[in-house]
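The block underneath contains the structure these notes are about, expressed in structure tokens.
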Amino acid sequence: MESSKDTLLEIQNLTRRYPSPDGDEPLTVFENASFEIKKGEFVCIIGHSGCGKSTILNVLAGLDTATSGAVIMDGQEVNGPSLDRGVVFQNYSLLPWMSALKNVMFGVKARFPKWTRKQVRDHSYKHLKMVGLGEGAELRKPSQLSGGMRQRVSIARAFAIQPKLLLLDEPFGALDALTRGTIQDELIRVWSGSDQTVFMITHDVDEAILLADRILLMSNGPYATVAESVEIDIPRPRKRADIIHHPAYYTIRNHLVEFLTTRSKLIAEQYDSTSDTRNTRPISVRPGLSTEDSKADTDDAPSFTNDLSVETDSPTLNIATGH
Amino acid sequence: MTSTFKAPLLSLILLTVLLGTWELFTPAVKSAENMTEYELLMGGASEEARVPPPSAIFVKAFEEISDPFYDNGPNDKGIGIQIAYSLYRVLTGYLMAALIALPVGFLIGMSSLAYKTLDPFIQVLKPISPLAWMPLALFIIQDSEASAIFVIFICSIWPMLINTAFGVANVRNDWVNVARTHELGNLRTALTVILPAAAPTIITGMRISIGIAWLVIVAAEMLVGGTGIGYYVWNEWNNLDLTSVIFSIMVIGVVGMLLDRFFASVQSAVEYQE
Ligand SMILES: Nc1ncnc2c1ncn2[C@@H]1O[C@H](COP(=O)(O)OP(=O)(O)OP(=O)(O)O)[C@@H](O)[C@H]1O
Ligand SMILES: [Mg+2]
């Protein structure tokens, strides 16, 4: 496996088990998850509810400890939270007794303890402006802001502390579709102007295609795995309105939906926890590369899954042309 | 008329009706010429012991409030001096309780081991009436002043302790995680995240405590005597001066209300909405 200079984060054989309350076999949320994230890359992870996405993200953040395996960032093993890894939670990322500006300043002060108050304030305000807040909105408490504005403040704070890796746990999960769209645009705009690496959990396939360079697909839990890594071969800049007309869009989308509806379950059923021949790295697929073949991956899903178990070294599969 | 004025106006009307009825049904005090010989012999005591009308209390209140700090020896001090003594005892005992309850409450709230260790003690000590400590305090401390302060200490410590522990233990884990991902140390996390997050609950505990302390000081001062508003009430009762008794009851109520108002304003200052 190449672990080149441009790899920011390496996840090696990560396993997380929770001890069962009645002393039975522990609950294995996911086992032997291995993948990496390159510098500047935008990676989304999708999987069914309860498969362990938040658990992985919390381990990456250093808020939770894996049962075994390692997370290595820039050559250093992660063991505890750090300002190098900014986190935006689904809700409650903001401290409700502080104004929006104070919340951002809270992060900036922790990040740059030597700065003067004015520097902290200006830097914070600049980042609030970047997500479209200001003109008085920055002085309001989170409870006086809409859900969308609150998540904007969270994102502004995360960008303002300039972490090496930004971890987003379903940041738009609680928002309505319209608000979500505008904030997605906001996020793309802020992200493209930076070289920020992002790891984001989402439930929304379209959101993932719009935002991500690569989408990781998780099989169902328990014993979940990161089964596939799907490259999004759609050029940037992407626009929400235009992207659906791109020829690769529906091929990729169908591939993702098909995984979530069928294969995520099949992989979980076929999983044999005693066998050690299991593929621990996600196979890399690029459904967007051949878009002419619209029949893509409709009726050969089971055989495709069988192929997975023999691939051991991250091959690049081209779904449409088969093998 | 807007509804903001309705309630105060109704309160005022109600007060007038109550005081008016009270005044009307109180028989006027006979003047000395109209007394029988027997009544004169009794020194008019039976007249004095009658519940006085509101007008007499107003007159008394005016006299006392216009000269609150006079001091004519141990049994005749101005109402201001008596209140000052009581407040001094309440605040001393209360602050000592806060100095212990807040840190210990923090500890209990953050560590389940500390909680489980101390919980049995709290459960047994909390329901003890503070006055039950009085004999023991008098014997051990050998000083009535300090014993009264101790009783205030012991009665105000529990609500503060329990509310602090509860508030700290229930700080949303996500907020603690915000502190952790920003690499805040333990002390800074406690001061900048946990304290403001738990502040409304803590202040509620402090407000309950000051209320109880003010209830207890009156009883404690009746027992230990000497000075204070509790002693004043008891002393005026012994003098059969019911006008002063009623006046001091009103003063106790008003001071208690002011203490409560103070904590209510602190509470609304630290209150936040999720
Ligand atoms: N503290 C815990 N103790 C025991 N089991 C836990 C604990 N936290 C999470 N789990 C289990 O781990 C699994 C994965 O949880 P996780 O929150 O990571 O899921 P998720 O993929 O983020 O789901 P969602 O999409 O609904 O947020 C779940 O089955 C959950 O029951
Ligand atoms: Mg989750």
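Please read these numbers as outputs of a predicted model, since none were measured by experiment. Letters go in sequence order (proteins before strands), and every chain restarts at 1.
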Should the heavy atoms of other residues, nucleotides or ligands under 6.0 Å from [atom1] of [X] be counted, would the total exceed 12?
{"X": "A/Gln76", "atom1": "CD", "result": "no"}
{"X": "B/Gln273", "atom1": "CD", "result": "no"}
{"X": "A/Phe35", "atom1": "CZ", "result": "yes"}
{"X": "B/Phe166", "atom1": "CZ", "result": "no"}
{"X": "B/Tyr115", "atom1": "OH", "result": "no"}

query: Under a 4.5 Å heavy-atom cut-off, does chain B meet the side chain of A/Leu94, its backbone, both or neither?
result: backbone

task: Identify which part of A/Arg157 has an atom lying under 4.5 Å from any heavy atom of chain B, answering side chain, backbone, both or neither.
output: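 Answer is side chain: those atoms of A/Arg157 sit under 4.5 Å from chain B.
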
field: Closest heavy-atom pair and its distance - B/His182, A/Ala110
entry: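 Looking at all heavy atoms of both residues, the shortest contact is O-CB, 3.6 Å.
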
query: Looking at A/Ser143 and B/Glu274, what are the two nearest heavy atoms and their distance?
result: CB-O, 4.1 Å

field: Straight-line distance of A/Leu167 CG to B/Thr181 OG1, nearest 0.5 Å
entry: 9.5 Å

Structural part of [X] lying under 4.5 Å from a heavy atom of chain A:
{"X": "B/Val270", "value": "neither"}
{"X": "B/Ala197", "value": "both"}
{"X": "B/Arg172", "value": "side chain"}

Test item: A/Pro96 and B/Trp175 side chains (from C-beta on) under 4.5 Å apart, heavy atoms: yes

message: Do A/Phe106 and B/Val193 have side chains that approach each other closer than 4.5 Å (heavy atoms only, starting at C-beta)?
response: yes

task: Compute whether any side-chain donor of one residue and acceptor of the other, for A/Ser82 and B/Glu183, lie under 3.5 angstrom apart.
output: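 There is such a pair between these side chains.
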
